[in-house]
2 protein chains.
Amino acid sequence: MAGIDDVARLAGVSTATVSRALSGRGHVSAASKAKVEEAAARLGYVVSSSASSLASGRTRNVGVVVPFLNRWFFSSVLEGVQQALLRAGYDLTLYNLSGDGDERATVFEQFLLRRRVDAVIAISLELTEAEVRRLHELGKPLVGVGGPIPGVRTLTIDDVAVARLATEHLLGLGHRRIAHIGGDLEFDVDFHLPTNRRLGYEAALRDAGIDPDPRWFAPADFTIRGAYHAAKQLLGVPHERPTAIFAASDEMAIGSILAARDLGMVVPRDVSVIGVDDHDLANFFGLTTVAQFPRGQGEHAVELLMDELEPGKSRAEPSATPLPFELRVRASTARPAE
Amino acid sequence: MAGIDDVARLAGVSTATVSRALSGRGHVSAASKAKVEEAAARLGYVVSSSASSLASGRTRNVGVVVPFLNRWFFSSVLEGVQQALLRAGYDLTLYNLSGDGDERATVFEQFLLRRRVDAVIAISLELTEAEVRRLHELGKPLVGVGGPIPGVRTLTIDDVAVARLATEHLLGLGHRRIAHIGGDLEFDVDFHLPTNRRLGYEAALRDAGIDPDPRWFAPADFTIRGAYHAAKQLLGVPHERPTAIFAASDEMAIGSILAARDLGMVVPRDVSVIGVDDHDLANFFGLTTVAQFPRGQGEHAVELLMDELEPGKSRAEPSATPLPFELRVRASTARPAE
DNA sequence: CTGAAAGCGCTAACAT
DNA sequence: ATGTTAGCGCTTTCAG
């Protein structure tokens, strides 16, 4: 395995010049640079990351912490992060903290402190103040995706506004009896997303002069199956059925559509359904939804990080950057029947 | 940031003893070990992975290469790998090679050669001989999940047997007109999975004295939507409709069920459907399927790796280890009507 | 712009 | 069982 000395010898320069030429840091004449590059290529030389990290203090590696891997939102964000990191020449070390707090503590103590990473991206994971402080002490930039962490740069859609938009779409079509399938409290640990979406829904109703009816709220677990059962309850009542459902995620909206079908109802004739996400399946089901863009969120997170990691960049102060979202009207919403 | 010297000083021993005590390598008296651990804890000391790697040549980091992140199979394997690695004290560096060959080359040249990892796990990715050779030269163990790579330790279910089992289940129920929704050729690059499942299907039919009818084979792209359209074609013919569909994945089986419903057919009364995977949604849709266990496959892959990475273990020779699969009969299959 | 040399923080011989 | 010490392969002052 060729080392930097081999390259230096072959190129006829010092190791310092090789290092500078290959890393782009410091000035090197075009001539030397060319010689070095050619020598490196000939020898198949690649820097040893550990030696480089040890000497420089930078690892060119970012830790990414996610609670789930097999959900659309998370894997999409992860994809965006991965791709952006790769482009920037960084590696991505993955920590899937699906487990209990034990695992979580291990990760924090073993890897963040093992100084394996230059920075951390936390996806929809509420870090404790202690954890955030620890990272700060170590000088590791941290950016969150999916909800605000106090004192941390975070990317998040405005859940209240998203829910309001979805609800107003239904109101605008003439619906008055609008049910909501939200998250159960268990999910609220992560950034109060369910609560915020519910708040937006209720605010929109009130603005339209409608009093939110608690009978028309049903909690579920963000899965198709969970929402399916919730929707059956909602739609199964004999009188004063809701004419529309706003589900807090597309998967739950799809569950609602399937429930409606199984009750012999036709969407959107008998009931309108709107979700949030623009999940892969949304288009297939003709689902009207408020799209968010998780891949873009992941890429954006990396950009923020790079601002901090690469020297000479202006680092903006910690704040919650608002992210784009967009109503996509498809075939699952329509004017109510009567 | 406390270093090993600080710990040594506080514990009243040498740095070598600290290193031994903390890594478990070499003999240390219980007394010293206790002192060291206490000192380390008090100082919040954690080894610098780069210094450690540089000195020892081991990184305690495994590279994982996947083509997709947002598909059930891949994210499930990844979860298993992540968890097993974490338990073994290894980190996981993720490379999502969804993109073109360019990206792929970059990863190989930049990261594998950057000596960032001790080993590589390739999930459903057919590595070229050159790539495999490169890894061998570097002394990096490599294990594949999801299909055989020549000369490489690989975990894979027997796709032919899986398909045969699924088909025989339908035959056993009395079906004779069994259609198959498989992968299109594009997907065959990865381990000929579609081809193998088709072969198993055809073999089962022949064994039952039935000549496979090419009209009853439809290729799709492993998505719900793709299979939905394929199934509509299959089920829409006026005469001699198939009475059962064997789909090469659960997502495609679900697409088939939805297609049948939209044609006004009742599953399993009018058509039986069986898939492969035991996807999260399979249970919800009452789908009969042949389960495979991707999490377990991921964990298993890590075990194999550890055999090679941790010294003093017997390493078995490269071979394709067969993996478990299991028929799960639910509500989507039944005897044909007549 | 380039080179010499001093580390970066550990691990692993080699001694003791 | 423990200490001493020579690197691991690079980056980065500091001179020139």
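All values derive from a computational prediction rather than experimental measurement.
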How close or far is atom C1' of D:dT2 from atom NZ of B:Lys35, stated in whole angstroms?
-> 11 Å
What residues in residues 13-24 of chain A put a non-hydrogen atom under 4.0 Å from any atom of DNA chain C?
-> A:Val13, A:Ser14, A:Ala16, A:Thr17, A:Arg20
Please round to 10 degrees the angle between the axis of the first five pairs and the axis of the last five pairs in the helix from C:dC1-D:dG16 to C:dT16-D:dA1.
-> 30°
Whole-Å distance, B:Ile4 CD1 to C:dA12 P, equals 11 Å
Choose from C:dT2, D:dC10, C:dG9 the nucleotide whose nearest atom is closest to any side-chain atom of A:Ser32.
-> C:dT2
State, to 0.1 Å, how close B:Ala119 and B:Leu309 come at their nearest heavy-atom pair, and which atoms those are.
-> CB-CD1, 4.1 Å
Do we see a donor-acceptor contact under 3.5 Å between the side chains of B:Thr93 and B:Asn61?
-> yes
Could you work out which one of C:dT2, D:dC8, C:dT11 sits closest to the side chain of B:Ser52?
-> C:dT11
Decide whether A:Ser49 and A:Ser52 meet the rule of one side-chain donor and one side-chain acceptor closer than 3.5 Å.
-> no
Looking at the side chain of A:Ser56, which of C:dA12, D:dT12, D:dG9 is the nearest nucleotide?
-> D:dT12
Would you indicate which nucleotide in D:dT2, C:dT11, C:dC1 comes nearest to any side-chain atom of B:Val28?
-> D:dT2
To the nearest Å, give me how far apart CG (B:Leu43) and P (C:dG9) are.
-> 15 Å
Would you mind reading off the distance between B:Asp5 atom CG and D:dG3 atom P, rounded to a whole angstrom?
-> 13 Å
Would you please say whether a donor-acceptor pair under 3.5 Å links the side chains of B:Asp118 and B:Tyr90?
-> no
Going from CD on B:Gln297 to OG1 on B:Thr154, what distance comes out if it is rounded to the nearest 0.5 angstrom?
-> 11.5 Å
Rounding to a whole Å, what distance do you find between B:Leu54:CG and C:dC8:P?
-> 13 Å
Give a yes/no on whether any side-chain N or O of B:Ser29 is located under 4.0 angstrom from OP1 or OP2 of D:dT2.
-> yes
Tested for side-chain contact (heavy atoms from CB on, under 4.5 Å) against A:Val64, the lone hit among A:Val77, A:Leu78, A:Val117 is A:Leu78
Under-4.0 Å side-chain N/O to phosphate OP1/OP2 contact, A:Arg58 with D:dT12 = yes
So, is the end of the B:Arg71 side chain (NZ or CZ) under 6.0 Å from the ring centre of B:Phe74 and within 45° of the ring's axis?
-> no
How long is the gap from CD1 on B:Ile4 to OH on B:Tyr45, to the nearest 0.5 Å?
-> 4.0 Å
Nearest-nucleotide check on DNA chain D, B:Gly26 vs A:Ala51; residue mapping nearer the 5' end is B:Gly26
Between CD of B:Glu299 and CD of B:Glu303, what distance do you get to the nearest 0.5 Å?
-> 7.5 Å
Round to the nearest Å and state the distance from A:His27 atom NE2 to C:dT2 atom P.
-> 11 Å
